[in-house]
Amino acid sequence: MYTPDPDRYADMPYRRTGRSGLKLPALSLGLWHNFGPDRPAETQRAILRRAFDLGVTHFDLANNYGPPPGVAESALGDALKADFAHHRDELVVSTKAGYLMWPGPYGEWGSRKYLLSSLDQSLGRLGLDYVDIFYSHRPDPETPLEETMGALHTAVQQGKALYVGVSNYSAEQTREAARILAELGTPLLIHQPRYSMLDRRPEDEGLLDTLDELQVGSIAYSPLEQGLLTGRYLDGIPEDSRAASDSPFLSADTVTEELVGRLRTLNEIAASRGQSLAQLALAWVLRGGRVTSALIGASSPRQLEDSVAAIGNLEFGADELARIDELVKQ
């Protein structure tokens with residue numbers, strides 16, 4: 001039987017999410033990859049147990065995480081029942097709906113029918129009565145935003161979600177979503193954008209400024225840029241890497257000699273800070289406190305431990321930030 005580390009809250013920083021009462025760990029565990037039938041169930045459970053032992057109290061999902069869609073939620077559901085049945089109130093579990101889940105006109109996007117049906121399915125796979133955060137995973141260009149936000153509000157009113165969020169929404173869409181939710185009486189808690197040293201769109205397009213103004217939290221996904229900001233590509237493309245596969249998220253064309261050169265210089269900066277490149281990238285996303293939490297993935301407990309070690313040095317000097325900006329904005 002799994003017994004959590006009694007010192008699990010000793011080192012992890014917890015940050016208040018916007019103007020809410022909810023605090024999230026600086027690093028949260030994302031189950032986008034590595035939680036499916038192609039991975040040993042015991043390895044998956046070992047990752048979740050080690051995460052909790054290190055103070056990672058937030059497990060982030062979506063209905064379509066797998067592959068195939070739904071299996072990540074089922075895997076977490078099994079682990080919650082086996083290992084965390086007595087610790088549910090110490091955990092934040094989030095899920096999302098927006099991408100394709102089943103055939104026909106009601107299986108994706110942002111209609112009330114899809115979102116609430118999907119949430120019921122997610123709760124069934126997770127074996128839970130409620131999730132802590134339920135997200136609209138992407139804006140729907142054809143459904144009125146009032147309907148999509150109304151469905152999130154209904155989830156809270158039904159007791160099936162405690163908080164609501166949005167992901168992949170622009171600054172303007174986020175502002176309007178927050179306005180609608182405020183009128184309904186269910187505040188927008190959090191936004192989940194893609195954000196890393198190599199992807200500055202939340203800064204460049206004003207999203208972070210909007211979140212600051214609205215006092216809405218943020219949790220960054222892909223802070224390691226699909227593995228580019230790890231040590232895996234410092235010598236080119238490994239045969240077993242994502243870029244060498246047919247992954248739609250990272251192509252071999254992306255890994256140019258020029259990019260590899262910049263990654264090597266970033267790795268030198270990391271080494272001067274006593275960090276790995278991945279730890280540097282995570283610390284950079286968390287710098288200054290504008291981002292509430294950063295999502296990390298892991299294929300093993302050891303990889304998870306390496307990422308969590310980033311919390312040991314989250315401070316940057318002005319010269320370090322300027323050098324990083326000069327490298328990544330070339």
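These values consider heavy atoms only, across backbone and side chains, with no hydrogens, waters or symmetry-generated copies.
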May I ask you to check whether Tyr2 and Phe84 place their ring centres under 6.0 Å from each other?
yes
Whether Arg15 side chain and Leu24 backbone form a donor-acceptor pair below 3.5 Å
no
Rounded distance [0.5 Å steps], CG in Leu48 versus CG in Leu80
8.0 Å
Do you see a donor-acceptor pair shorter than 3.5 Å between the side chains of Asp306 and Gln279?
yes
Under 6.0 Å from the six-membered ring centre of Tyr169 and within 45° of its axis: does the NZ or CZ of Arg138 meet both?
no
Grab the two heavy atoms, one from Val285 and one from Ala294, that are nearest each other, plus how far apart they are.
CG1-CB, 4.2 Å
Could you check whether any side-chain N or O of Tyr195 sits under 3.5 Å from a backbone N or O of Ile219, counting only pairs where one atom can act as donor and the other as acceptor?
no
His191 NE2 to Thr292 OG1 distance, which is reported to the nearest 0.5 Å:
12.0 Å
Under 3.5 Å, is there a donor-acceptor pair between the Ser299 and Gln303 side chains?
yes
Do the non-hydrogen side-chain atoms of Ile296 and Leu304 ever get within less than 4.5 Å of each other?
yes
Do Asn64 and Leu100 touch side chain to side chain, with heavy atoms closer than 4.5 Å?
no
Are a donor atom and an acceptor atom from the side chains of Tyr221 and Asn168 found within less than 3.5 Å of each other?
yes
Could you go through Gln226 and Ser222, starting from their C-alpha distance and side-chain angles, then the distance that decides it, and tell me whether this counts as side-chain hydrogen bond (donor to acceptor under 3.5 Å, both in side chains)?
CA-CA 6 Å; Gln226 295 296 314; Ser222 293; 3.1 Å; yes
Side-chain donor/acceptor of Lys96 to backbone N/O of Leu61, under 3.5 Å
yes
Side chain to side chain contact (heavy atoms under 4.5 Å, CB included) between Asn313 and Gln275, intermediate numbers included
CA-CA 8 Å; Asn313 186 5; Gln275 293 181 315; 3.6 Å; yes
Any chance the side chains of Gln121 and Ser118 put a donor and an acceptor closer than 3.5 Å?
no
Glu203/Arg200 salt bridge by N-O under 4.0 Å criterion
yes
If you apply the rule side-chain hydrogen bond (donor to acceptor under 3.5 Å, both in side chains), what do you find for Ser170 with Gln173, and how did you get there?
CA-CA 5 Å; Ser170 70; Gln173 290 166 333; 3.2 Å; yes
Would one find more than 12 heavy atoms of other residues, nucleotides or ligands at under 6.0 Å from atom CD of Glu142?
no
For Phe52 and Arg8, run side chain to side chain contact (heavy atoms under 4.5 Å, CB included): C-alpha distance rounded to whole Å, both residues' side-chain angles, the deciding distance at 0.1 Å, then the answer.
CA-CA 7 Å; Phe52 192 53; Arg8 57 189 175 277; 3.6 Å; yes
Is it true that Arg262 and Glu257 make a salt bridge, defined as a side-chain N closer than 4.0 Å to a carboxylate O?
no
Should Leu27 and Ile311 be marked as a side chain to side chain contact (heavy atoms under 4.5 Å, CB included) after you check the CA-CA gap, both sets of side-chain angles, and the distance that decides it?
CA-CA 8 Å; Leu27 295 171; Ile311 64 174; 3.9 Å; yes
Is it the case that the side chain of Asp60 and the backbone of Leu29 share a donor-acceptor pair, with hydrogens and angles ignored and the cut-off at 3.5 Å?
no
Nearest heavy-atom neighbours spanning Pro223 and Ser196:
O-CB, 3.4 Å
Could you go through the side chain to side chain contact (heavy atoms under 4.5 Å, CB included) check for Leu207 and Thr174 one step at a time?
CA-CA 8 Å; Leu207 177 61; Thr174 301; 3.8 Å; yes
Can Asp199 and Arg194 be counted as an ion pair, charged N to O under 4.0 angstrom?
yes
How close do Val71 and Gly66 get, counting heavy atoms only, and between which atoms?
CG2-CA, 3.5 Å
Spell out, as yes or no, whether a donor-acceptor pair under 3.5 Å connects the side chain of Gln44 to the backbone of Phe35.
no
As an exercise, state the distance from NZ of Lys81 to CG of Asp83, rounded to the nearest 0.5 Å.
12.5 Å
In terms of relative ring orientation, are His137 and Tyr65 parallel, tilted or perpendicular, with 30° and 60° separating the classes?
perpendicular
Check the side chains of Thr57 and Glu90 for a donor-acceptor pair under 3.5 angstrom, ignoring hydrogens and angles.
no
Do the non-hydrogen side-chain atoms of Arg125 and Asn63 ever get within less than 4.5 Å of each other?
yes
Regarding Tyr130 and Gln158, is there a side-chain donor-to-acceptor distance under 3.5 Å anywhere?
no
Is there a donor-acceptor contact under 3.5 Å from the side chain of Arg179 to the main chain of Glu183?
no
Ignoring hydrogens and geometry beyond distance, is a side-chain donor-acceptor pair present between Ser293 and Ser28 at under 3.5 Å?
yes
Between Arg264 and Asp235, is the closest basic N to carboxylate O distance under 4.0 Å?
yes
Checking ring pair (Phe, Tyr, Trp, His ring centres under 6.0 Å) against Tyr114, which of Trp109, Tyr106, Trp102 comes through?
Trp102
Ignoring hydrogens and angles, tell me if any N or O in the side chain of Ser272 forms a donor-acceptor pair with the backbone of Ile269 under 3.5 Å.
yes
OG1 on Thr17 to OH on Tyr163, rounded to 0.5 Å:
8.0 Å
Taking the side chain as every heavy atom from C-beta outward, state whether Leu126 and Val131 have any pair of such atoms under 4.5 Å apart.
yes
With a cut-off of under 6.0 Å to the ring centre and 45° to the axis, is Arg273 in cation-pi contact with Phe316?
yes
Would a distance-only check, ignoring hydrogens and angles, find a side-chain to backbone donor-acceptor pair under 3.5 Å from Thr230 to Gly227?
yes
State, with a plain yes or no, whether a side-chain heavy atom of Thr210 is found less than 4.5 Å away from one of Leu214.
yes
Between Ser218 and Gln192, is there a side-chain donor-acceptor contact under 3.5 Å, judged purely by atom types and distance?
no
Distance from Ser307 atom OG to Arg302 atom CZ, nearest 0.5 Å?
12.5 Å
Under 3.5 Å side-chain donor-acceptor pair for His58 and Ser94:
yes
Side chains of Phe59 and Leu76: closer than 4.5 Å at any heavy-atom pair?
yes
Is there a side-chain contact between Ile133 and Leu162 in this structure, where contact means two heavy atoms from C-beta onward sitting under 4.5 Å apart?
no
Euclidean distance, Ile180 CD1 relative to Met149 CE, rounded to 0.5 Å:
7.0 Å
Dump the intermediate steps for salt bridge (charged side-chain N to carboxylate O under 4.0 Å, His left out) on Asp78 and Arg45, then the final yes or no.
CA-CA 9 Å; Asp78 292 341; Arg45 286 179 58 189; over 6 Å; no
Between Asp132 and Arg88, is there a side-chain N and carboxylate O pair less than 4.0 Å apart?
yes
Pairing of Arg290 and Asp209 as salt bridge, 4.0 angstrom limit
yes
Does any non-hydrogen side-chain atom of Met12 lie less than 4.5 Å from one of Val308?
yes
Indicate yes or no: does Glu172 engage Arg175 in a salt bridge with an N to O separation below 4.0 Å.
no
Decide if atom CG of Asp38 counts as having more than 12 heavy atoms of other residues, nucleotides or ligands within a radius under 6.0 Å.
yes
